[in-house]
Amino acid sequence: MEPYNPQELEPKWQRRWEEDALYKSSIDATQPKFYALTMLPYPSGDLHIGHWYAMTPSDARARFKRMQGYNVLFPMGFDAFGLPAENAAIQRAIHPKTWTLRNVEHEREQLRSMGAMFDWEREAVSCLSGYYRWTEWLFLKFYEMGLAYRKKSPVDYCPNCKTTLAREQVIGEERICERCGTPVVKKDLAQWFWRITKYADELLDFSTIDWPEKIKVLQTNWVGRSEGAEVVFKVAPENLPADAKPGEGDLVVFTTRPDTLWGATFMVLAPEHPLVNRITTASQKETVETYQREATRQTEIERLSTEKEKTGVFTGAYAINPVNGARIPVWVADYVLMTYGTGAIMAVPAHDERDFAFAKKFSLPIPVVICPPDWHGEELAEAYHGDGLVVNSGPFDGVMAPHPAVEKVIAWLEEQGLGKGAVNYRLRDWLISRQRYWGAPIPVVYCDQCGIVPVPYEELPVLLPDDVDFMPTGESPLKYHQGFLNTTCPKCGGPATRETDTMDTFVCSSWYQYAYLSPYYKEGEVAHADSSPWDPAELKYWAPVDTYTGGAEHATMHLIYTRFFTKALRDAGLLDFDEPMLQYRCQGIILGEPRDGDCVDVTGHWEGSAFLADHVQVISFKDRESWPAPVRGETRVCGEVLDRDDVSLKVRTSDGAEGEITVVQVGERTTITEPGREGAGSMADILYHLEVEKMSKSKKNVVAPDELVAKYGADTVRAYLMFGWRWELGGPWDSKGIEGVVRWLNRVWALVMEEPYRRETPVPEAERELLRAVHTAIKAVTEDLEGFSFNTVIARLMEYTNALGKAKEAFWGTPRWDEAVSGLLLLLAPIAPHLAEELWSRMGKPYSVHQQAWPTWDAAMLVEDMIEIPVQINGKVRGHVTVAADADEETIKAAALAEANVKATLAGKKIVKIIVPRGRLVSIVVANQDGE
RNA sequence: GGGGGAGUGUCGGAAUUGGCAGACGAGCAUGACUUAGAAUCAUGUGCCGCGAGGCGUGCGGGUUCAAGUCCCGCCUUCCCCACCA
C-alpha cells in the first residue's frame, strides 16, 4: 500500500484549490449567506501555535457551514499598525513598513499551509493607505458627529512605549501597560477621545447577540453602571470666598443610597476637587496643600501598598445637609476619586464601611442605629444585610430600605429641588491619541486663527511620510518632519501645523470586518462626506458577522470598541444594524509543555556554599536515558538544571522527592560543551526545568507550527488542535498526544487504500449495525461542530473509523462500504481537508469533496432492535438484561426479575417498588424482611 | 471586598441535562509479528481486595428509587474588577 504522505498531497491540493478559486466568495442572492470571522493576526513575524489553535476550528466550522449549503465568507487580513514595527525600525534600522510587509508576506504563507478556506481576494492590511484613509475618514465622520473631541486631562502614559494609553489598555492593580508590562504614569496632556460613554447603556444590552456569559459579565462590569441620585450640598456661606460666583458653593455628590442621606455626618472631597482650594480656611491651608501634594505624588508613584490605611485632612469648612439642615464638616481624602462620580461624597459611617473606617480614625460622629422595639428576628436579620426599615429620616421613617426607600427619596428630592435621579458609569471615553509614528494619522490641522480644523474629506488620505528619521528614544519622528508638519489651514489658507499623534491601532481593527467586504474600497478616487468606506451592496448581503471567534483577552478592548463602532456607524447612517457579531465564541490558550531541564556534569571546586565551575558538560533532556547519576562531590557536581540565570545554575544533585539543590557559579573562564554541538556552548542554550507556563522565546518552550506541519502535515496538526483540549479552555501542549491523531489518520488512509487480507460474508445484523454507525456519526459530528465541541467531533470520527475497521472484512467492495466510507470522508472534510480530498478523488468521486452537500442522518436508522439495560437494586447495578428496544414495561420488569444475579440479590428481600424510566433502566427498591 | 470560570483515572478529557461514571485518545503493561528494535496489530488498564465484594467525580450535609449533574454550607485554584460612593 502506498503510504499516507501529507507533505506531498497537501501542497498539491492547496495549489489546485487556489487555481480553481474554490474559496472565492461572492454575492449570491439565491443562497443564504454566512459570514464567519476569526480574529486577524498582528504580523509580528511568525505565527505561533495559538494562531492555529484559534483559527483551524473556526475554519473547520466555516467549511461545515459551506457544505450545509450556506454561501460562506471567511476572510483574513493583518492588523498591521503598531509598536513592534517601530521598535524594529529603531533597533535594526529597517523601515516599519518594510518590516511589516515582509512579515505579512511570511505569515500569509504560513496561513496558506494551514489549508484554510480563506478568501484571499478579500485580504485587508490595515497599514496600507487604501485601508487607513478610510480609518481617517471615519475619524472625520466621528468628529462631525461630535463623537471625537480633544481635551487636556490627566492621562495614562507608558514611559517604555513612549505613548499614552486608553483606560482599557492599563491592566490590573499594578496599572501596567497592556503591551509591555511597564507601570504607567499620569501625565497632563491634550489628547483625542472618542465618546464611547454615549453608548454606555446600549453596550449593556446583549439581548440580540449570542456571546459567552463570561464576556458579557466582563463588559457589563467594565461599563459599571450604577443608579442613584445627585444631591446638592451647599457650602456654609461663611466658608466661601468673597468673590464666589452664585452657585459656586454647590457641592454635588453622587450616591447610590439616597435613603441614607439623613445619616450623612461629614463630606469628603477628592484632593483634586476644584472647590478644595476655594473653601479651605486659612488655618487649614498649609495642612491641606501638603496633603494635596502628597496625593498627587502618590498617584504617580506605584500605588502598591496593600495596606490601604485611610488618610485625610479637614478643610476647616462646613456644608449643609439639604435634607435636615445639619452642619457637617468637609474633609479631603484620597479614597475619594476625582475620576468617578462628582469627586465628592457624603459620608454615612453608619452604612458605608469606608466611611465608617474614616470616621473612626478621625473621631468623626457615628450615629447609632436604632431599631424599633417591635422588630422581630427576621427584620433584624434583614437589617444586618443592609435591608431594613428607614429610621430617623423625616418623612421616610418606616419605609423599607433600600427599596422602595431609594425611589421614594429620589422622587422627593426632585420635588424639593434638592437633587435628582442620576446614573454613573465606570466607563471612560476612549483615548485614541498615540505619540508614535506607525499608526493611522489623525486628520486634523491646528491653525493659529481657526484652532482645530479637520482635514477636508476630499484631501484624504493624510499619508504617513516614508522619509523619516527614527529617534532612539522612540519619540515620534513626525514631530520633526517639516514636510509633514507644516501645512496650510484648509479654512483660512494661513500657515498651520498637522496633528502628529496617530490613532490607537484598536481603531483600525474596530471596523475591519466591514473592510473585508470590499478591501481598499475606491482606492485612488476622491472621497467625500457622503461616501461609504465599503461597497453598500456587499455590506447589505454579508453583514453583520454571523460567527466570530477569537481570544477572550479582548473582552474589554477590541470587543467593546467594535461594538461601539458599529453603533456609531449606524448613527452615521453607514449601516443599519446594532451589533457587529451575532455570535461570538472564545478559545483558550495553549501553554508551554512542562519539561525536565538539561543535565549538567560539572567539574570545579567549592568556595563556601557555592560550587565554582571550570567545565560544564551539557547532556540534553532529550537524552534522559543516558544521564549520569546525580552527584555532589568535592570536584564534581552533576544533575538536572532546575533554574538558570546569566551566572549560575541551580542543579538537582540528588534523586527523590526532597531534591537536594546545589548552586553552580559559572564564570568567565568556565567552558561549556555539549556533545554533538559545534564550538563552545553558552548559558542561554542550557534548558532548565519548566512547569506549565505561557510560551515564550526566552524559555524556549515555544511550539512552532511550521515544524509540526513539516513533520506531521497540516491535517494532523489541525485535528490534534481540535482533539487535545476543550477549545474554550486550552491547556499545556502535549507533544506525545499528537501521535494518537497520526495513528488515526493513518488508519483512515488504510481504510480506503488497503484491501482486507481476509474476507467475511456480511450478515443482515452487521449491515444494520454499519448503517447505524454511519447515521450515529453524522448526527454526533453535526451537532458537535454546530456547538463548538471540537474535541468530541474528533472522538466521534475516531469511533466511526474504528467501527468501519471492524466492518471492512465483511463489506469491502460493496455499495454499503462505499456509502459508509464516503460518509466518513464528508464528515472529515472540514477537519482534514487535504486528506479527505485525496481519498475522495481516489475513490473516484467527483471533485471537490468540499463542494459536496453535508450528509444528513435518518432518525429511524439510529434505533436499535435490541438494547441492553441495567438493573439496579437500591441504586446499585446488579445485572443487565437484553430486551427488544420497543419492549413494554411489563416485559422489561419480567426480564429483570428473571436475571440470575438479580434473583440471587433479591432472595429474602421484599420488593417495595419497581421503576422503569423511559424503558432504559430498571430500578428495584427493596426492604429487608424485617421491614428495615 | 465584588463578579465569573474551573475542580472527574497517571495525563488530555467524555457523560440525551437527574439514569450503567471514565467515551475517544495519551501513557503504561502483557502478547503476536520480528535475530532485535521501530512501526503495526491484539488484549488489559479508576482504587482497594486472591475472591465474593467494597470504595470512588475537591470536602461536609440534604432531596431522590437514582446525584459528576439539583439544593444548602465550605475548601482549593485561575481570570476580571476593586477605597466605584
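Within every chain, numbering begins at 1; the chains are lettered A, B, ... in the order of the sequence lines, protein sequences first and strands thereafter.
- Between A:His351 atom NE2 and B:C83 atom P the separation is 18 Å, expressed in whole Å.
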Secondary-structure string, 5' to 3', Watson-Crick or G-U under 3.5 Å, | for another-strand partners, for RNA chain B: (((((((..(((......[....)))((((((.......))))))(((....)))..(((((..]....))))))))))))....
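- A donor-acceptor pair is defined here as one N or O able to donate and one able to accept, closer than 3.5 Å; such a pair exists between the side chain of A:Arg759 and the backbone of A:Trp812.
- For B:C84, the OP1/OP2 oxygens have no side-chain nitrogen or oxygen of A:Arg225 closer than 4.0 Å.
- In this structure, A:Val912 reaches neither bases nor backbone, as no heavy-atom distance under 4.0 Å exists between it and the strands shown.
- Of the possible donor and acceptor atoms, none in the side chain of A:Asp156 sits under 3.5 Å from a partner among the backbone N and O of A:Leu165.
- In this view, A:Glu553 satisfies the salt bridge (charged side-chain N to carboxylate O under 4.0 Å, His left out) rule with no residue, not counting sequence neighbours.
- For the salt bridge (charged side-chain N to carboxylate O under 4.0 Å, His left out) test, no residue two or more places apart in sequence or in another chain qualifies with A:Arg918.
- No salt bridge links A:Lys736 with A:Asp734; every basic N to acidic carboxylate O contact stays at or beyond 4.0 Å.
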What's touching nucleotides 62-71 of chain B from the protein side, N or O pairs under 3.5 Å?
| unit_1 | atom_1 | unit_2 | atom_2 | d |
| --- | --- | --- | --- | --- |
| B:C65 | OP1 | A:Lys913 | NZ | 3.4 |
| B:C65 | O2 | A:Ser923 | OG | 2.6 |

Protein N or O to nucleotides 54-59 of chain B N or O, pairs below 3.5 Å:
none

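- Side-chain proximity of A:Trp725 to the nucleotides B:C20, B:A85, B:G13 is greatest for B:G13.
- Mapping A:Met338 and A:Asn746 onto RNA chain B by nearest heavy atom places A:Asn746 closer to the 5' end of the strand.
- Put simply, the side chain of A:Asn424 never gets that close to the backbone of A:Ser226: no donor and acceptor are under 3.5 Å apart.
- Separation of the A:Phe358 and A:Trp331 ring centroids falls under the 6.0 Å cut-off.
- The interatomic distance linking A:Arg428 (CZ) with B:C84 (P) rounds to 14 Å, in whole Å.
- Taking atom CD on A:Glu178 and atom P on B:C80, their separation rounds to 12 Å, with Å as the unit.
- Taking for each of A:Arg726 and A:Asn901 the nucleotide of RNA chain B with the nearest heavy atom, the 5'-most of the two is the partner of A:Arg726.
- Sorted by first and then second residue, the salt bridge (charged side-chain N to carboxylate O under 4.0 Å, His left out) pairs with a member in residues 339-349 of chain A form an empty list; sequence neighbours excluded.
- The backbone N or O of A:Leu835 sits less than 3.5 Å from a side-chain atom of A:Asp715, completing a donor-acceptor pair.
- Rounding to whole angstrom units, CZ of residue A:Arg257 and P of B:C84 are separated by 15 Å.
- A straight line from OH of A:Tyr335 to P of B:C83 spans 13 Å, rounded to a whole angstrom.
- Nucleic acid contact for A:Arg426: base, since at least one base atom lies under 4.0 Å from a heavy atom of the residue.
- Among the protein residues, A:Gly805 comes within range of no part of the nucleic acid, since none of its heavy atoms lies under 4.0 Å from any strand.
- Counting non-hydrogen atoms under 4.0 angstrom, A:Arg758 reaches nothing in the nucleic acid.
- Rounded to whole angstrom, the span from the CZ atom of A:Phe788 across to the C1' atom of B:G13 amounts to 20 Å.
- A search for side chain to side chain donor-acceptor pair (under 3.5 Å) contacts involving A:Thr782 returns A:Trp854, not counting sequence neighbours.
- Between A:Leu751 atom CG and B:C41 atom P there is a gap of 12 Å when expressed in whole angstrom units.
- For A:Glu213, the side chain to side chain donor-acceptor pair (under 3.5 Å) test picks out no residue, with sequence neighbours left out.
- Applying ring-ring contact (aromatic ring centres under 6.0 Å, His included) to A:Tyr720 and the options A:Trp725, A:Trp744, A:Tyr53 leaves one that passes, A:Trp725.
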Using a cutoff of under 3.5 Å, can you pull out all pairs of nitrogen or oxygen atoms linking the protein to nucleotides 23-33 of chain B, with atom names and distances?
| unit_1 | atom_1 | unit_2 | atom_2 | d |
| --- | --- | --- | --- | --- |
| B:A23 | O2' | A:Glu799 | OE2 | 3.0 |
| B:G25 | OP1 | A:Arg747 | NH2 | 3.4 |
| B:G25 | OP1 | A:Asn802 | ND2 | 2.7 |
| B:A26 | OP1 | A:Arg743 | NH1 | 2.4 |
| B:G27 | OP2 | A:Arg743 | NH1 | 3.4 |

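- With a 4.5 Å cut-off on side-chain heavy atoms, A:Val912 and A:Lys910 do not count as touching.
- Listed by chain and residue number, nothing satisfies the salt bridge (charged side-chain N to carboxylate O under 4.0 Å, His left out) test with A:Lys808 (two or more places apart in sequence, or in another chain).
- Within the 4.0 angstrom heavy-atom criterion, no nucleotide atom of any strand lies near A:Trp744.
- Across the protein-nucleic acid pair, A:Glu168 atom CD and B:C80 atom P stand 15 Å apart, rounded to whole Å.
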Nucleotide N/O to protein N/O under 3.5 Å, stretch nucleotides 76-79 of chain B:
none

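- Annotation: side chain to side chain donor-acceptor pair (under 3.5 Å) contacts of A:Trp222 (sequence neighbours excluded): A:Glu168.
- In textbook terms, a nucleotide whose glycosidic angle is within 90° of 0 is syn, and B:G9 is one such case.
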